[in-house]
Protein chains: 2
Amino acid sequence: MPEAASAQATRATIGASEFDRDTALVQREPGVYDIDLSAGWTIISAVNGGYLLAVLGRALADALPHSDPFTISAHYLTASQPGPAVVRTETVRTGRTLSTGQASLFQLDERGEEVERIRVLASYGDLDSLPAHVRTTAEPPAIPPIEQCFGPEAAADIRLPSGGPAPVDGSSAIADRLMLKLDPSTVGWALGQPSGKGEMRAWFGLADGRDPDPLALLLAVDALPPTAFELGISGWVPTVELTVHVRSRPAPGPLRVSITTRNLAGGFLEEDAEVWDTQDRLVAQSRQLARVRLS
Amino acid sequence: MPEAASAQATRATIGASEFDRDTALVQREPGVYDIDLSAGWTIISAVNGGYLLAVLGRALADALPHSDPFTISAHYLTASQPGPAVVRTETVRTGRTLSTGQASLFQLDERGEEVERIRVLASYGDLDSLPAHVRTTAEPPAIPPIEQCFGPEAAADIRLPSGGPAPVDGSSAIADRLMLKLDPSTVGWALGQPSGKGEMRAWFGLADGRDPDPLALLLAVDALPPTAFELGISGWVPTVELTVHVRSRPAPGPLRVSITTRNLAGGFLEEDAEVWDTQDRLVAQSRQLARVRLS
């Protein structure tokens, strides 16, 4: 855990945290919002895709009559930069239990013209209105206790894959925003010994202690190092498309995130994430299609 | 296999088949297309969601500079009816290797006003340009040989779950368009003995013998009876959102489709599909979020 967070006597609360501050939108007119994308959520120089999804998810939560993203699909078009952005939403359909909306994030290019960065399509509902009935066959991942897992402070001492980005290195601002503790069995890549399995597992939280909510789940699914590292690939793995299903409101406390890749082929791979809360409930499922640079 | 198809001496070809005829679009103006949705792809009275996705996918293949859907996400808004419809597309971004587009399908309601049925967001590329490199850990599902699996003609003789739809019964027109042979180990629901596992597997093809292509994969992922049947749920399971990744151009011959559900909770479930071709390649992956009526 970053020193700033460790030293913190009181935990941040939902609505009053770094994550809430940096996803806060200012309504320009109905359905249109301004935001200053924070440089605090970058990996090297790229703004994290989960943070961007949370920004768009928050805009739709405001614009639609329902507040919780049940399923949200994002297509990443061009690389976002820290700085001013505008989010334009459209209400596609409103229903009793579900509403569907669309949102795009734009930034100005060097000529002052709007460039679209991401477009999302999403259906929202009310998680608290769902029946409590659960009949799942899914089981939480076997991750060692949090104190046996590796955090960013350890990663500074371990070798990074040649030519690859340093996702948990000090040069990535997002490392200071997150409590990320990697399962020792999925950090072989950092020791020059990738397992060859497309797996990555970690405990996940916000560094300032804010508890998870549905918007934080959008961040959680795209916050771990790519599974490609454990497959021995050390280049960038940019997301083409990411879809998240939020299945339940997460209980307070750290989340467990398990990511798997089955099919690396033709220069693309899928990353499937499952997110579990402290009550052993599967609170989110996601899948992304990403491009890989084979090394 | 339906009699009409069995009796056919020559196989239909890509571009000249029932599927091609019923997904054919007439361009009204650039990016806008008219289509008469066929009653031949209905389950009871509902137009099949995979057929509709193929219609939208074909519109985008025409409108975008790239022809193959790499990842396509659909949100189902209102129930489509057989009959006239219009598809409006928007080119969101064009790049060298990927282009992103959006499309919506509209029909007129009883007052003559346009109602949006489905909206999709998709990124297209060129499957034939991808490197041949494959490093997958995924393995094809163990489905018995096609002649040991159950087709629609057998389903007429087996009991259907009480209160549920009859997805492979003669009352569903789509059954005559498809070659669907269900794995005996996932047809317990039809015998009143659902396995309790969220699994459904089948051989899949077009009844007229047309070989699969990327658009047919969009149909294949949503053509099997819902996994919910094997979980003992007999009501409708309408799709909220369906995302398909097309990973490779399928080889000629029948496909194997494997669908799994891990998490039935709060009145929703996910259905994950994998589609394999005759060369044992994983040609498509999909996930949908569907609503369930618990019985």
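All values below were derived from every heavy atom in this structure, side-chain atoms included, with hydrogens, water molecules and symmetry-related copies excluded. Chain A is the first sequence line, chain B the second, and so forth, proteins listed ahead of strands; every chain is numbered from 1.
- When all heavy atoms are compared, the tightest approach of Ala265(B) to Val134(A) is CB-CG2, 4.0 Å.
- Formation of a donor-acceptor pair under 3.5 Å by the Arg93(B) side chain with backbone atoms of Leu77(A) is found in this model.
- At a 4.5 Å heavy-atom cutoff, the contact between Glu116(A) and chain B is made by side-chain atoms alone.
- When heavy atoms are compared at a cutoff of 4.5 Å, Arg281(B) does not approach chain A at all.
- Residues Lys197(B) and Thr137(A) fail the side-chain proximity criterion, which asks for heavy atoms closer than 4.5 Å.
- Exactly one of Glu241(A), Arg287(A), Glu270(A) qualifies for a side chain to side chain donor-acceptor pair (under 3.5 Å) with His245(B). That residue is Glu241(A).
- The greatest number of non-hydrogen atom pairs below 4.5 Å with chain A, out of Leu282(B), Asn263(B), Leu130(B), is found for Asn263(B).
- In this structure, Glu139(B) places its CD atom where only 12 or fewer heavy-atom neighbours from other residues, nucleotides or ligands lie under 6.0 Å away.
- Heavy-atom distances place both the backbone and the side chain of Arg119(B) under 4.5 Å from chain A.
- The candidate from Glu274(B), Arg291(B), Arg262(B) with the greatest count of non-hydrogen atom pairs under 4.5 Å with chain A is Arg262(B).
- Contact annotation for Thr100(B): only side-chain heavy atoms (C-beta onward) come within less than 4.5 Å of a heavy atom of chain A.
- The greatest number of non-hydrogen atom pairs below 4.5 Å with chain A, out of Val240(B), Val120(B), Thr136(B), is found for Thr136(B).
- The part of Thr97(B) that comes within reach of chain A is its side chain, from C-beta onward, which places non-hydrogen atoms under 4.5 angstrom from that chain.
- Contact count against chain B (heavy-atom pairs under 4.5 Å) is highest for Leu269(A) among Thr78(A), Thr261(A), Leu269(A).
- Thr243(B) touches chain A through its side chain: at least one heavy atom from C-beta onward sits under 4.5 Å away, while N, CA, C and O do not.
- For Thr94(A), no part lies near chain B; criterion is any non-hydrogen pair under 4.5 Å.
- Looking at Leu231(B), the atoms closer than 4.5 Å to chain A (heavy atoms on both sides) sit in the backbone and in the side chain alike.
- Of the listed residues (Gly266(B), Ser129(B), Ser123(B), Ala122(B)), the greatest number of heavy-atom pairs within a distance under 4.5 Å of chain A belongs to Gly266(B).
- Neither the backbone nor the side chain of Thr260(B) comes within contact range of chain A; no heavy atom of the residue lies under 4.5 Å from a heavy atom of that chain.
- Across Pro131(B) and Gly267(A), no two heavy atoms sit closer than the pair CG-N, 4.1 Å.
- The CG atom of Leu121(B) sits 4.0 Å away from the NE2 atom of His75(A) when rounded to the nearest 0.5 Å.
- Side-chain contact check for Leu289(A) versus Arg247(B): some heavy-atom pair is nearer than 4.5 Å.
- The structure places OH of Tyr76(A) at 15.0 Å from CG of Leu98(B), a figure rounded to the nearest 0.5 Å.
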